[in-house]
Amino acid sequence: MTKVSADILSAAASANDAEVRRRGIGLIDGTIPGYVLLLGDDEANAPVLIESLTRKNIVVFVADDTLAESLRDAGVSLGWESRVVPLDLVGALGFVTRVAQIFGNTDTPEATLDYARGRLRGFSVLLGQPTPERLKAARDAAEFGCPLLSSAELEPGADWETAVIGGLALDSLAQTGIEERGLRIHVPLPELPVKYSEDFAGEIVRDDKAGAALYGAELVVTGQNLVDGQVTIVGPDLDAGLTGDQPYGLLVEVSGRAMQPDFENVLEREIENLLNQVNGVMHRGQRADTSLRVSQKAIDAGLRLRHLGEIMHARYHNEFGNILSRVQVTIITDPEQAPTLAERAQAVYDRRDERLSGMTDEEVDTFYTCTLCQSISPSHVCVISPEHVGVCGAMDWMDAQAAVNIRPVGPNQAVKKEGLLDARLGQWESVNRVAQKETGGALEAYSLYSMMESPGPACGDFDCITAMLPLSNGVMVLGRAYEGLTPSGMDWAMLYEMVGACTPVPGFIGHSKRALGSPKFIAGDGGWRRIVWMDHALREELRPALESLAAEAGLLGFVDMIATEREATSEDEVLAHMEAVGHPALAMEPMI
Ligand code: SF4
C-alpha cells in the first residue's frame, strides 16, 4: 500500500499556501511541464543536466545541500525564477503534496497521492553514488510516481512501483525522464526572419514572386533512437535559386510512448497548415504531390530550410505533445536523394491505403468531418467515409478516426450517420446539418456520391478534376500534371480556378487519384462507367484500379474504351471514339 510519510505531510502542513499557489499553478496549467528531484552531489555533471531540464521549463529541486552550494559557487542562478530550487527531498515532496491538496482539493493522503501521481509529474535523477540514503529518498519519491534514473548502475528491488533505470548516458537522462512521465514540453518557435501567423495561411506565392519552387514527397514516420530537434538539410538551400519545381523531400521522424503508426498520416497532413503560416511560404498538395514555394522576399529576409524544420519540431511538440516526445526533421533538395525518399514514401502510402481495402460505408455508423483546409479555404469541409476519402486523398476514414482520438477538439469531428435522405446521392440529414454548420451556411447539402447534385467543395488540395462532358453523356478526368487542353476546351489551370474556388459547381469536382478507385466515386451519377476521357498518363497510372472495378462488374476492356488526348481532343472526337468502341455511357440515362 502506498503512503505519504509523516514528515512529508508535516512539511506540506507548514508550507506557505500563498507561495504554493503562486508557484504550483504552473504545474497545473502546464507552463511547468513537471519537476525533477535531483539527488546526489555530482557537481561536475549537474550544471549540464540542469540546463537541459530548465530549458524545457522543468523545475529542478536540488536536494543535496553540498551540491546546491557548489552550484551557487559556480554561478548557477538558484531560486524559483531560474527554476533551480534548493530544497531537500522532504521539503520538495511536501511542496508537491500541498499543491495536490490545494489544487486537487484532496482530503486524504491516498487521494492526494492519486492526484499527485496523475497531475504533478516528476522524476528523480541520481547523480553520484547510489548510497542507501539516496535510494531511500528516491523510494519516497516513487510513492509520488517518480521513476528513478541515474548514470550510475542501479539494482532495483522487485517491489519498486516505478521504473528504476541505471547506466544512462548523461545526455539522455532528461529525455528519458520526460518520456517515462509523458511530460508535455512546450517548445518555443525559432527566431524567424519573417512573421509567423495564421493570418498568412492562405497566402499565394505566384511564379514571378517565388525565389524557390520545390516539388516532391513528404513523409511522417515513427522512428527509433531519434535526436529530438535535429534538423538536417540535404542539398542546396533556399537561396540557391531553386526555381522551376526542383526536387524536394521532407521526412519527419517522430517517436513517443503514445505514438502509433496510425497517427503518422494525421501528423503528415498537418504539415501544410504549419508551414503555410510562414509569411512568404505557400504549401499545397500532399504525399508525393507536394508543392512548396517560398517568396524571394522571404529568402532575401533570411528564411532558410532550417527554419522550416525548426518550426515543424516546435509545432509538433506543442500540438501533439500528448503522443510524441521526439521529432527529427530531414529536408532534401539534392536531386540524387529526393527520389529515394519518394520511393520509400510511396511504399508507406500504399500500405496505409490498404488498411481500408474492402470496408464499405454500409459497415459503419459514423463518418468524420475534416476542416483542416479552412486555413486556405475558409468555408471548406470534407465529409469522410470508408469509401469517400477527403478531397486531398491523404485523409481517409481511419486517419480521421485517429485524428479524433489524438485531438478530440480539433479539425476532425465524428458525425453519426443518421436520417438517410437519398441513398443514391449519399445524403444524410446529419451530414447535411454538419456541412451547414462547418461552412457557416455556405453549403445546404453535401452529397458523398454525386458530382451533379450538391457535390462537396474542393479546397485546392486535389490532384484530379472530373468534369461533365454533356455531348458524351459522360465525364472527363485530368490530373494536375496534364498541361494540354481537354475536350471541354479548358486546361487544368482554367478548371482549377473554377473548381478550387471552394464554392461547389455541379458537374465539376476536384478529388484525389485515390478517389477514382472507390466503387462509390460519383456512384449517384452512374459511377466509373461515366468516364469517357482521361489524360493518357493518368489513365495508365489508374489502369489497375479502374480495371479492377470494371472486372468486378464483368466489363472487360473498359479502360481502353476511355479516350485520351491521343484519340480525342474535342467532344465530337470523344463521341466518335465512344461509338467506335461501344462505350457503356452511350446507353446510360442522360446525366442532365
Ligand atoms: S482536403 Fe479535406 S480531408 Fe484533406 S486535409 Fe483538407 S479538409 Fe482535410
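Just follow the structure's listing: the first ligand is 1, and inside any ligand the first atom is 1.
Of the charged side-chain nitrogens involved, at least one lies within less than 4.0 Å of a carboxylate oxygen, so that Asp365 and Lys416 count as a salt-bridged pair. Taking a cutoff of 4.0 Å between a charged side-chain nitrogen and a carboxylate oxygen, Arg287 and Asp463 do not qualify as a salt bridge. Between Lys520 and Glu362 a salt bridge is recorded (basic side-chain N to carboxylate O distance below 4.0 Å).
Looking only at protein heavy atoms, the nearest one to atom 2 (Fe) of ligand 1 is Cys382 SG, 2.4 Å. Ranking protein heavy atoms by distance to atom 6 (Fe) of ligand 1, first place goes to Cys373 SG, 2.3 Å. With hydrogens left out, the protein atom closest to atom 1 (S) of ligand 1 is Cys392 N, 3.4 Å, a heavy atom. In this structure, the protein non-hydrogen atom closest to atom 5 (S) of ligand 1 is Arg269 NE, 3.1 Å.
By the neighbour-count criterion of 12 heavy atoms within 6.0 Å, atom CD of Glu363 is densely surrounded, having more than that number from other residues, nucleotides or ligands.
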Requested in this report: I would like to know whether Val475 and Met451 meet side-chain contact (heavy atoms from CB on, under 4.5 Å); could you show each step before the answer?
Outcome: CA-CA 10 Å; Val475 300; Met451 61 181 281; 3.8 Å; yes
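In this structure, Cys459 is part of the shell of residues with a heavy atom less than 4.0 angstrom from ligand 1.
Taking backbone and side-chain atoms together, Cys370 has no N/O/S atom less than 2.8 Å away from atom 6 (Fe) of ligand 1.
For ligand 1, the atoms sitting less than 4.0 Å from at least one non-hydrogen atom of Met395 are 3 (S), numbered in the order shown with element in parentheses. Here is the list of ligand 1 atoms found below 4.0 Å of a heavy atom in His380: 2 (Fe), 7 (S). Of all the atoms in ligand 1, the ones that sit under 4.0 Å from a non-hydrogen atom of Gly390 are 3 (S).
Across all their heavy atoms, Ile204 and Met282 have their closest contact at CA-SD, 3.6 Å.
Proximity of Gln286 to ligand 1, defined as any heavy-atom pair under 4.0 Å, is not found for any part of the residue.
A donor and an acceptor atom, one from each side chain of Glu218 and His283, are located under 3.5 Å apart.
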